[in-house]
Amino acid sequence: MAEPEHAGEHEKEAESLMEKISEKIHGHDSSSSSSDSDDDKPLPADSVKAKIYRLFGREKRVHKVLGGGKPADVFLWRNKKISASVLGGATALWVFFELLEYHLITLVCHVLILALAIFFLGSNASTFINKSPPHIPEVTLPEKCVLEVASAIRFEINRALAVVRDIASGRDLKKFLIVVAGLWILSLVGSSFNFLTLFYISFVLLHTVPVLYEKYEDQVDAFAEKAMIEIRKQYAVFDAKVLSKIPKGPLKDKKKN
């Protein structure tokens, strides 16, 4: 009786061992099939977008790059009436000052004289016609708004000073050449236009270039990528033939040593 019992136990152990082996094989097959299915899945849209070249290496949308909020809405023509009125007002001011040769102080004084005369005559005429005087709103600048604007201006000035200091320190020759070329081009443009016309042109560009870029973003980025590749090739040639032959300063040699 003992031998059949031992034989039955051996058979049960063998069956349990076979079941474990089959479970492991099926588990491996299922995991491999799941991994294969994961590999077959397409990449997420975010990872695909990340590989697309964007102008100036930006990662945010154009609306966020412009600061977001109402100013960005105006520049991108989210509300066409507001954007058109702002651009029309800027055009009217440019026509007043540039074409009609009106001066800023003269225009401000004439507008104030006209406004004060209207309110003064309206307030005194109301006593004769038995009507309530016109309501003159009380206009005050909130302290919080002024502090925020001042803080933003201070931050931008400090950042510009840091960039100027970094360029003047001689650490990046490429950035130095780019800034010098940009200032030289700006000086040529400034010699052809006065400050008001240059400001108006910049204002018009802010109302046209971003919205056109947002509309044709993919085409512009593709063209910019090709242009950047060509610029890098030309810079590499210029660096090999000219910049590499310029003797380095003693400070950089000491740092390397």
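Note that the structure is a prediction, hence the values are computed from the model and not measured.
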Is [Y] reachable from [X] through a run of hydrophobic residues whose side-chain heavy atoms are each under 4.5 Å from the next?
{"X": "Val163", "Y": "Val180", "answer": "yes"}
{"X": "Leu186", "Y": "Leu206", "answer": "no"}
{"X": "Leu177", "Y": "Ile167", "answer": "yes"}
{"X": "Phe176", "Y": "Tyr235", "answer": "yes"}
{"X": "Leu196", "Y": "Phe203", "answer": "yes"}

Show which side-chain atoms of residues 102-116 pair as donor or acceptor with protein atoms under 3.5 Å away, not counting sequence neighbours.
unit_1 : atom_1 : unit_2 : atom_2 : d
Tyr102 : OH     : His110 : ND1    : 3.0

Identify every side-chain donor-acceptor pair in residues 76-95 under 3.5 Å, counting partners at least two apart or on other chains, and give the distances.
unit_1 : atom_1 : unit_2 : atom_2 : d
Trp77  : NE1    : His207 : O      : 2.6
Arg78  : NH1    : Glu214 : OE1    : 3.2
Arg78  : NH2    : Glu214 : OE2    : 3.0
Asn79  : OD1    : Lys81  : N      : 3.3
Ser83  : OG     : Val74  : O      : 2.7
Ser83  : OG     : Asn79  : O      : 3.2
Ser85  : OG     : Lys81  : O      : 3.1
Ser85  : OG     : Ile82  : O      : 2.7
Thr91  : OG1    : Leu87  : O      : 2.8
Thr91  : OG1    : Tyr200 : OH     : 2.8
Trp94  : NE1    : Thr197 : OG1    : 3.4

Report task. Might you confirm whether atom CD of Glu101 has over 12 heavy atoms from other residues, nucleotides or ligands at distances under 6.0 Å? Result -> no
Requested in this report: Look at atom CZ of Phe96 and say whether more than 12 heavy atoms of other residues, nucleotides or ligands are closer to it than 6.0 Å.
Outcome: no
Requested in this report: Ignoring hydrogens and angles, state whether a donor on the side chain of Tyr216 or Asp221 is under 3.5 Å from an acceptor on the partner side chain.
Outcome: no
Report task. List the steps, then state whether side-chain contact (heavy atoms from CB on, under 4.5 Å) holds for Glu230 with Gln234. Result -> CA-CA 6 Å; Glu230 186 63 29; Gln234 297 299 326; 3.1 Å; yes
Report summary line: For Gly69 and His63, the nearest pair of non-hydrogen atoms, with its separation, is N-CE1, 3.5 Å
**Report entry** Transitive ILVMFWY cluster of Leu121, excluding itself - 4.5 Å side-chain cut-off
**Finding:** Phe120
Requested in this report: Test side-chain contact (heavy atoms from CB on, under 4.5 Å) on Val211 and Phe75 and set out the steps.
Outcome: CA-CA 7 Å; Val211 66; Phe75 292 141; over 6 Å; no
Requested in this report: Not counting sequence neighbours, list each pair that qualifies as a salt bridge (Lys or Arg N to Asp or Glu O under 4.0 Å) and has a residue in residues 233-243.
Outcome: none
Report task. Apply side chain to side chain contact (heavy atoms under 4.5 Å, CB included) to Ser192 and list each qualifying residue two or more places apart in sequence or on a separate chain. Result -> none
Just list the side-chain donor-acceptor pairs under 3.5 Å for residues 138-161, sequence neighbours left out, or say none.
unit_1 : atom_1 : unit_2 : atom_2 : d
Glu156 : OE1    : Arg159 : NH2    : 2.8
Asn158 : ND2    : Arg154 : O      : 3.2

